[in-house]
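Computed from heavy atoms alone, side chains included, the values below leave out hydrogens, waters and symmetry copies.
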Amino acid sequence: KALEINTNYVKAHYNYAIFLKNIFNDIAGAKKHYEKAFELNPYYSNAIFNYAILLKDDFNQPEEARKYYLKAINIDPEIKTPERDKYFGL
């Protein structure tokens, strides 16, 4: 409903991406909404980080995923952990 009212509502795109992935396993829809979220807010580190996971796990794009992980931790260093570094091949 929030996206019907305001198609530029960043947090709605982010939450809808999570919903599509987790409830319907709609990875293409989730990808689209993550992309829209960080298109609207290029500093939305959580959207960028979740997008990185989606790329690695569901689209088998580890190099592209690593790029987005690095972007997310550059914006928000608290995202970075040794486990996540290992997961993304750092």
Checklist outcome for this item: All heavy atoms of Ala52 vs all of Ala65, minimum pair found to be O-CB, 3.2 Å
Next on the checklist: Does any part of the side chain of Tyr34, heavy atoms only, come nearer than 4.5 Å to the side chain of Ile18, both counted from C-beta?
Outcome noted: yes
Item to check | Residues forming a salt bridge (Lys or Arg N to Asp or Glu O under 4.0 Å) with Asp26, sequence neighbours excluded | outcome: none
Checklist entry - Mind checking whether Ile75 and Tyr68 sit in one hydrophobic cluster, side chains of I, L, V, M, F, W, Y counted as touching below 4.5 Å? => result yes
Next on the checklist: Strictly by salt bridge (Lys or Arg N to Asp or Glu O under 4.0 Å), give each pair with a member in residues 8-19 just once, sequence neighbours left out.
Outcome noted: none
Next on the checklist: By the salt bridge (Lys or Arg N to Asp or Glu O under 4.0 Å) test, which pairs, at least two apart or in different chains, include something from residues 44-53?
Outcome noted: none
Tell me which donor-acceptor pairs under 3.5 Å the side chains of residues 35-42 have, and how far apart each pair is, sequence neighbours excluded?
from, atom 1, to, atom 2, distance (Å)
Glu35, OE2, Lys31, NZ, 2.8
Glu35, OE2, Tyr51, OH, 2.5
Lys36, NZ, Glu39, OE2, 3.4
Asn41, OD1, Tyr43, N, 2.9

Next on the checklist: Tyr14: which residues meet the ring-ring contact (aromatic ring centres under 6.0 Å, His included) condition with it, sequence neighbours left out?
Outcome noted: Tyr44
Checklist entry - Looking only at heavy atoms, which two atoms of Ser45 and Asp76 are closest? And how far apart? => result OG-CB, 3.5 Å
Checklist entry - Residues in side-chain hydrogen bond (donor to acceptor under 3.5 Å, both in side chains) with Lys56, at least two apart? => result none
Checklist entry - With sequence neighbours excluded, what pairs up with Lys67 under the salt bridge (Lys or Arg N to Asp or Glu O under 4.0 Å) test? => result Glu64
Checklist outcome for this item: Residue set satisfying side chain to side chain contact (heavy atoms under 4.5 Å, CB included) with Asn25, at least two apart, ordered chain then number -> Lys21, Ile27
Counting only pairs under 3.5 Å, give me each side-chain donor-acceptor contact of residues 77-90, with atom names and distances, residues two or more places apart or in other chains.
from, atom 1, to, atom 2, distance (Å)
Lys80, NZ, Asp85, OD1, 3.1
Lys80, NZ, Asp85, OD2, 2.4
Thr81, OG1, Arg84, N, 3.0
Arg84, NH1, Ile79, O, 2.6
Asp85, OD1, Tyr69, OH, 2.7
Tyr87, OH, Asp57, OD1, 2.1
Tyr87, OH, Asp57, OD2, 3.1

